[in-house]
Novice: 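Dumping the structure here so I can ask a few things about it.
Computation of the quantities below employed the complete heavy-atom set of this structure, encompassing side-chain atoms and omitting hydrogens, waters and symmetry-equivalent molecules. Protein chains get the first letters and strands the later ones, always in sequence-line order, with residue 1 at the start of each.
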Amino acid sequence: MATLSTPTLSLPPASPTVNNDRYFANHPTLLVINECISTKCLKQVHAQMLRSGLFFDPFSASKLITACALSQFSSIDYARQIPQIPQPNLYTWNILIRAHASSRDPSQSFILFLRMLHECEHFPDKFTFPFLIKAASELQALRVGRVFHGMAIKASLGSDIFVLNSLVHFYGSCGDLDLAYGVFVKILQKDVVSWNSMITAFVQGGCPEEALALFRTMEKEDVKPNDVTMVGVLSACSKKLDLGFGRWVCGYIERNDISVNLTLSNAMLDMYMKCGSIEDAKSLFDKMPERDIFSWTTMLDGYAKLGEYEEARHIFYKMPRQDIAAWNALISAYEQNGKPKEALAIFRELQLRKDAKPDEVTLVCALSASAQLGDMDLGRWIHMYMKKQGIKLNCHLTTSLIDMYAKCGDLEKALEVFHSAERNDVFVWSAMIAGLGMHGCGGAALDLFWKMLEAKVKPNAVTFTNVLCACSHTGLVDEGRAIFDQMEPVHGVVPGDKHYACLVDILGRSGLVGEAVELIKRMPILPTASVWGALLGACRLHGNLEFAEHACSRLLELEPRNHGAYVLLSNIYAKTGSWDRVSGIRKLMRDSGLKKEPGCSSIAVNGIVHEFLAGDNSHPLSREIYSKLDEIAATLKSIGYVPNKSHLLQLVEEEDIQEHALSLHSEKLAIAFGLISMVPSQPIRVVKNLRVCGDCHTVAKLISRVYNREIFLRDCYRFHHFRGGHCSCMDYW
DNA sequence: GTAGGGTTAG
């Protein structure tokens, strides 16, 4: 380690200027700067420089500040406290702008730039702009960056390759691929960095196909790719889940003698893992001469996402340090694999640790897990935690908060978050549209969609799925059809299978089964299981046997073990009185060992999530719950309620068909538990994994009136908000 | 004496 035992400096008699650089550059104190490994060390150097007067030389002072700003141990806060360098020249300004551009607060670069314009007569040069544009990229500050772009052109730097490449990267990181590509195609003499910047922009902008196409063009134009190119290309393979091409790329790297550094090895690891080849990843990992935190996290994430939790945890404990990315990899894997309880258990474990602190990604995952469970208390707690910690809402967090509040049943709060957000991107708008849709506010969802277009936010495939879903939940047939027809010609979004499924659902549900069938026939892509499923659902609703059999056999070709398809078909036969066929299907299901996914409802009371299966009596308060159910049955009977047994057939197994089957449905148990364990002012919030059955729907409506309780019931498809004997779905579901 | 592009977690 460097020490400060250097002799006190004696300054030359004249005031130091940059002309003496060589003198200072060779000076021991300045050499010591690069050896510093802590803020304390830099502070000592600073003190020494003040004592010696060396700090008053602009070059030396900027060396110190650069070291502070760029150092691993991040003492940019200290750098900012350092008083202004006397008489900085253009070089010094550039260095300072650069230092801040890659710091935690890149906006300081802009402030320095403004000061530079005021305080020195120099105009920014070809070095200044790449640094400024870099800061704008870090902040995704599209408007500021565009101003720099304009200024660079005015300064006759509009064709400088460094400025142009920075701009390609900048527009790409702002997510505006059109602008990035616009700059890229105008670069007359593209170098490898130009190509790399554009390939990376495509990959990160979610267009791996375009990235790979560009790589091929690059090859055709005889530009030799380097390691950075290959990182981008491998990343595109990961996104496409194309193991075959990924393996080809690894061979290409070898054949073309592209130097394989740690970053490139990590990109290979990531490709193997994302494409599902644990063996290739493991053998590469074992062979790697050097590994960093990325290598470990990539392996950890790969195992966890593929459901190999034991191996993932093994790596987690084995890796040199568990940073927040490692925790996030575990939490997100559980959350994305539909294991929200496990995700939250790790989140709680993390909170007890001092060596890692939840960040935005952690909170996004934790919010999403709360949303899956419908655990509003936890969701609210996380929201409070964010406020207390002073964590600013970014678009990811805003989206997750809206999603959480909507899925936990508090649409008002979701709207509040939406309206108070500083900046809303396409995901935030889409989440709010989805929220309104699932609560049966189709009209409001459409209004929001029009507002989004007015705000010049470009809708994507997810937006359209959500808009069409909203139409389906509210029966907005004409609107849904019109929006679907505009998707490609007006908005440039090619309808995918989900959009077709939504439109089939909209048409079929409203009774236009024939039109839905015509739509499927006209589809330019092969109809998927969700498309046939939507048609089958419509046939069930309208007892349309003609198309039901066809839809069912197509669906079962694609998903031979789709239990719901058999049940739906048997329901249709039951509805039309074809009991022979019903028992035929039941037999087929028994013989093939197909089991229905058990119905499960959960309710969070005082921070504890209680789960109920159909006919469950494992709850400690089971006796009380069942006696409450008896009381409910008697009360409802006294006001003329008759159980609707046709719903028995909906998704109930044969053996469930008995007198009490209806009162044993999991959602009824959860609601009864809510009634006995929560104060009357608290709404009852229940989450069910399947669709709510018709009888339970009727019962919930009556309970909301007779017991004067608000009930929020979320099924796997949408929300039912029961109040005063009515449901928000207006019985259209 | 300063430049531009890259890998993990949403």
Side-chain angles (χ1 to χ4, degrees), chain A residues 18-19 21-22 24-26 30 58-60 62-63 66 89-99 101 125-134 137 157 160-170 172-173 184 187 190-201 203-204 225-235 238 261-271 273-274 291-302 304-305 319 323-333 335-336 356 358-368 394-397 399-400 403 427:
Chain A
V18 280
N19 298 331
D21 282 350
R22 202 163 297 243
F24 287 107
N26 291 327
L30 294 186
F59 172 76
S60 308
S62 49
K63 271 272 182 231
T66 305
N89 58 23
L90 186 53
Y91 165 78
T92 323
W93 283 111
N94 285 346
I95 288 271
L96 289 178
I97 290 170
R98 170 196 169 204
D125 65 359
K126 60 178 181 172
F127 293 105
T128 323
F129 285 107
F131 299 142
L132 287 171
I133 295 165
K134 160 109 175 165
S137 303
L157 293 166
D160 180 274
I161 186 81
F162 282 88
V163 171
L164 288 168
N165 289 346
S166 306
L167 284 168
V168 171
H169 173 246
F170 159 69
S173 51
F184 173 75
I187 305 177
K190 299 179 183 69
D191 65 4
V192 67
V193 178
S194 322
W195 290 91
N196 292 351
S197 303
M198 197 61 230
I199 288 175
T200 308
V203 176
Q204 291 177 348
N226 63 11
D227 52 328
V228 179
T229 323
M230 300 327 288
V231 170
V233 172
L234 282 167
S235 187
S238 307
N261 54 20
L262 185 53
T263 304
L264 186 50
S265 298
N266 287 342
M268 288 181 188
L269 274 186
D270 181 56
M271 181 278 292
M273 274 303 197
K274 293 266 161 60
R291 298 173 194 128
D292 63 3
I293 195 83
F294 285 93
S295 331
W296 286 97
T297 314
T298 303
M299 294 301 283
L300 163 63
D301 181 62
K305 292 273 152 57
M319 60 198 291
D323 64 355
I324 190 61
W327 287 90
N328 290 344
L330 267 186
I331 295 173
S332 69
E335 180 262 304
Q336 283 169 29
D359 66 0
E360 279 101 342
V361 179
T362 327
L363 297 170
V364 165
C365 295
L367 282 169
S368 176
N394 60 19
C395 286
H396 281 298
L397 278 171
T399 306
S400 302
D403 184 61
F427 295 99

Novice: Among B:dG5, B:dG10, B:dT8, which is the nearest nucleotide to the side chain of A:Lys134?
Specialist: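 From the listed options, B:dG5 comes nearest.
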Novice: Confirm from the modelled atom types if A:Asn328 and B:dG10 form a donor-acceptor pair under 3.5 Å, side chain to base only.
Specialist: no
Novice: Can you tell me how far P of B:dG10 sits from CD1 of A:Ile324, to the nearest Å?
Specialist: 13 Å
Novice: Test for a donor-acceptor pair under 3.5 Å between the base of B:dG6 and the side chain of A:Asp227, counting only N and O atoms.
Specialist: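 Between B:dG6 and A:Asp227, which were checked side chain against base, a qualifying N/O pair under 3.5 Å is present.
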Novice: Nearest whole Å is fine: how far is B:dT2 P from A:Leu96 CG?
Specialist: 16 Å
Novice: Between A:Asp403 and A:Ser400, do the side chains contain an N or O donor and an N or O acceptor separated by less than 3.5 Å?
Specialist: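 No, no side-chain donor-acceptor contact under 3.5 Å.
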Novice: Does A:Phe294 lie flat on the base of B:dT8, that is, centres under 5.5 Å apart and planes under 30° off?
Specialist: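 Not stacked by the 5.5 Å and 30° rule.
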Novice: For a quick check of understanding: with a heavy-atom distance under 4.0 Å over all strands, which category does A:Asn94 fall into, base, sugar-phosphate or nothing?
Specialist: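 Since a base atom lies under 4.0 Å of A:Asn94, the category is base.
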Novice: Applying the 5.5 Å / 30° rule, does A:Phe127 stack onto the base of B:dA3?
Specialist: no
Novice: Students often get this wrong, so: under 4.0 angstrom with heavy atoms, is A:Asp323 touching a base, only sugar-phosphate, or nothing?
Specialist: nothing
Novice: Using a cut-off of 4.0 Å on non-hydrogen atoms, how would the nucleic acid contact of A:Gln204 be classed: base, sugar-phosphate, or nothing?
Specialist: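 Since only primed, P, OP1 and OP2 atoms lie under 4.0 Å of A:Gln204, the category is sugar-phosphate.
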Novice: Have a look at A:His396 and say if it touches a base, only the backbone sugar-phosphate, or nothing, with a 4.0 Å heavy-atom cut-off.
Specialist: base
